[in-house]
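If you're wondering where the values come from, they're calculated on a predicted model, not measured in any experiment. Hydrogens, waters and symmetry mates play no part in the numbers below; they use all other heavy atoms, side chains included. Each residue takes its place number in the sequence, starting with 1.
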Amino acid sequence: MVDVQSERPTTSVTDDAAAQADPGVSLERGVAALRRALATMPAGAGVYCMRDRHEKPLYVGKAKSLKKRVASYVNVRTLPVRLQRMIAGTASVEVITTEGEVEALLLESNMIKRLKPHYNILLRDDKSFPYILLRRGHRWPQIAKYRGAKSADGDYFGPFASAGAVDLTINALQRAFPLRSCSDSVLESRTRPCLQYQIKRCTAPCVGRIGKADYDGLVEEARAFLAGRSREVQSRLTERMTAASDALEFETAAAYRDRIKALAHIQMRQGINLPTMGDADVVAIHDEAGQACVQVFFFRSGQNYGNRAFFPRHAADEPAEAILRAFIGQFYNAREAPPLVLVNRPLAEAPLIEEALTLKAERRVRLHRPMRGAKRKLLEDAERNAREALARRLGESTAQRRLLESLAQRFGLEAAPGRIEVYDNSHISGTDAVGSMIVAGPEGFIKNAYRKFTIRSVAAPDPAAPGDDYAMMREVLTRRFSRLIKEDPGRAGEAWPDLVLIDGGLGQLGEARRVFADLGIADLAVAAIAKGPERSAGRERIFLPDRPPVALGARDPLLYFLQRLRDEAHRFAIGTHRAKRAKARVRSALDEIPGVGPRRKKALLHRFGSARGVSQAGLADLETVEGISSAVARAIHDHFRADG
């Protein structure tokens, strides 16, 4: 997404124009705030953070000399228009001193990721990457997908670009090294082999179908393969297959053959593999039409663990080198850099970045821009992927922009909406009621802005009575916009929607308008979308304030767009409601049993995995749970069989 500030007219910012937009904003006030900060600002290295009058961060930067760097902003007439707007909004400057510029660079990246200042280049994807975990600390080590802090005892292999890549790799690994993937509680409760054993993806250590020495041998082979010694493992398996065949043990030879094929399948699916590469990330950027895509390929032990595309938020005129530099700082802020990072653009502060990454990883990290050879070919492949991903995104953005422009025209809006909020409720006769808000914009759905609301004021005492949908919508909108008014009364930020879309008809629209009137919100566009007769999709009607309902043609692209928005809100609301209902069922199923408190409930769930597992457990199994006496075990057993 291009920073919206960059799309404004490129004329100079005047005090009058800034003050008209927000009385607390002007270049004169901003420069005065900088001068006040400079009076006591240290001259050493550190990080500075410019904040507006609501204490919201505008920009975070690092400097070798804080005083010189901040002083460079005082002569505003020489600054680009975007920075003039930033200075005009500045009310205070916060500084943090550091021992040197390397520490300042690390702190800058950390603060940008945490504060998300409006004028910084931002990496918006904060998802952690999945790993394959080969667990230790158990008689029968487990192979599993793992995401999060590396707190479990075991060997981690990755990162992988996606959960799907991990799942496919684990499935293939289980054919080559049939290790258990089940949890400890499932392993301990088994009395006979599961389906994984039947399809030859597990050796059933749970019921003694394999000895400890043989199982440990499989574990070591899997560890060697994931560590990059694939040729050694395949050679060993080939020797065993040949020996079994020579001894006329054809079933054993066939088993080794299948394991070798599974390993070959993993390597073939991974595509490019460079045994001499070691651990490295390949990072390539491509910019076009004011947007940029950064493609990252992960190589570990010479094996390709996949790639992922990122689209940082930045100003349209930001150079690719600056975007790449900011990306690397933020990307490796929350994860460890490999020993080698290949980049396709020269970085002005490459030695400083290398030193910062080395300090954070506690080992040598090298930035390298190869000009020839196999590594250069990898960079070219990554850059081609970045170019193609950006082309797809630009195409999608163009189509989305046309739809938003069409929406503005049909709904009588002044401009295409940059942020649409869609609201829906979900409940069963008023029970476990939840509200949901989904957000969409020029780049599609903005999932990190989604919100859920637990309905507090509406509950149906009679299970047969329907819930009050109007009251639920009133509560959700009141809570959402009361908080928004408190956080941003001047509506200067990006959190305010340009259009509110309600899933419902004329009644829900009227309720929304009453909420906005009570809160003093007079100029917010609102509409409601309702299904037609017999709730038929394709015959929706759009209700707008003080206008007759709008019925769009069955093949109108705008109708498909509105249906997608409504269906996404419905999906999110239903999912939230089901999760809440399932949690309540699990809680009540155990809470109703006399003598089972929080500690015993935790022990039961840890042992059997779920309330359903507890309900299916035998009396002897219940008695083995720590803290469960024979009397309590009998009470639990009888509770779940009272109707049987």
Run the numbers on Arg376 and Glu380 for salt bridge (charged side-chain N to carboxylate O under 4.0 Å, His left out), then give the verdict.
CA-CA 6 Å; Arg376 178 63 193 177; Glu380 291 172 354; 3.7 Å; yes

Enter the distance from [X]:[atom1] to [Y]:[atom2] here, rounded to the nearest 0.5 Å.
| X | Y | atom1 | atom2 | answer |
| --- | --- | --- | --- | --- |
| Phe561 | Arg402 | CZ | CZ | 14.0 Å |
| Leu394 | Glu288 | CG | CD | 6.0 Å |
| His570 | Ile438 | NE2 | CD1 | 13.0 Å |
| Asp155 | Ile132 | CG | CD1 | 12.0 Å |
| Ile323 | Leu123 | CD1 | CG | 12.0 Å |
| Trp140 | Cys206 | CH2 | SG | 9.5 Å |

Of all the heavy-atom pairs spanning [X] and [Y], show the shortest one and how long it is.
| X | Y | answer |
| --- | --- | --- |
| Ala569 | Ser436 | O-OG, 3.4 Å |
| Ala144 | Ile170 | C-CD1, 3.6 Å |
| Tyr146 | Ala152 | OH-N, 3.9 Å |
| Leu179 | Ala222 | CD1-CB, 4.0 Å |
| Arg209 | Thr203 | CB-O, 3.3 Å |
| Arg308 | Ala161 | NH2-O, 2.7 Å |

Asn344 versus Glu383, side-chain donor and acceptor atoms under 3.5 Å
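Note: Glu383 and Asn344 side chains meet the donor-acceptor criterion.
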
Verify whether one side chain among Tyr450 and Glu568 offers a donor that lies under 3.5 Å from an acceptor in the other.
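Judged by distance alone, the side chains do pair up.
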
When you compare the side chain of [Y] with that of [X], does any pair of heavy atoms fall below 4.5 Å?
| X | Y | result |
| --- | --- | --- |
| Val596 | His639 | no |
| Ile328 | Leu357 | yes |
| Glu101 | Leu105 | no |
| Pro178 | Lys200 | no |
| Arg190 | Arg180 | no |
| Pro338 | Val341 | yes |
| Pro370 | Leu379 | yes |
| Arg401 | Pro442 | no |

Is there a donor-acceptor pair under 3.5 Å between the side chain of [X] and the backbone N or O of [Y]?
| X | Y | answer |
| --- | --- | --- |
| Gln196 | Cys202 | no |
| Asp279 | Arg300 | no |
| Asn171 | Asp167 | yes |
| Glu354 | Val365 | no |
| His314 | Ala292 | yes |
| Arg600 | Ile628 | no |
| Lys116 | Lys113 | yes |
| Gln330 | Ile121 | yes |
| Ser245 | Met241 | no |
| Ser235 | Glu232 | no |

side-chain contact (heavy atoms from CB on, under 4.5 Å) for Asp184 and Arg135? Distances and angles first, verdict last.
CA-CA 11 Å; Asp184 291 349; Arg135 278 185 52 201; 3.0 Å; yes

Tell me whether [X] is salt-bridged to [Y], with the criterion being a basic N under 4.0 Å from an acidic carboxylate O.
| X | Y | value |
| --- | --- | --- |
| Arg325 | Glu321 | no |
| Asp287 | Arg345 | yes |
| Arg175 | Asp258 | no |
| Asp381 | Lys377 | yes |
| Glu336 | Lys150 | no |
| Arg236 | Glu239 | no |

Walk me through it: do Thr169 and Phe160 pass the test side-chain contact (heavy atoms from CB on, under 4.5 Å)?
CA-CA 10 Å; Thr169 302; Phe160 286 78; 3.7 Å; yes

Kindly assign one of parallel, tilted or perpendicular to the pair Phe331 and Phe310, based on the angle between their ring planes and the thresholds 30° and 60°.
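If you compare the ring of Phe331 with that of Phe310, the planes turn out perpendicular.
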
Stepwise side-chain contact (heavy atoms from CB on, under 4.5 Å) check, Lys452 with Val434
CA-CA 7 Å; Lys452 0 177 140 163; Val434 296; 6.0 Å; no

Member of Asn385, Asp281, Leu378 meeting the side-chain contact (heavy atoms from CB on, under 4.5 Å) criterion with Phe297
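When side-chain contact (heavy atoms from CB on, under 4.5 Å) is applied between Phe297 and each of Asn385, Asp281, Leu378, only Asn385 qualifies.
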
When you look at [atom1] of [X], are more than 12 heavy atoms from neighbouring residues, nucleotides or ligands closer to it than 6.0 Å?
| X | atom1 | result |
| --- | --- | --- |
| Arg114 | CZ | yes |
| Gln198 | CD | yes |
| Lys212 | NZ | yes |

Between Phe129 and Arg335, is there a cation-pi geometry (under 6.0 Å to ring centre, at most 45° from the normal)?
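The answer is no; the distance or angle limit is not met.
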
Verdict with reasoning, Tyr197 to Val207, per side-chain contact (heavy atoms from CB on, under 4.5 Å)
CA-CA 11 Å; Tyr197 174 78; Val207 292; over 6 Å; no

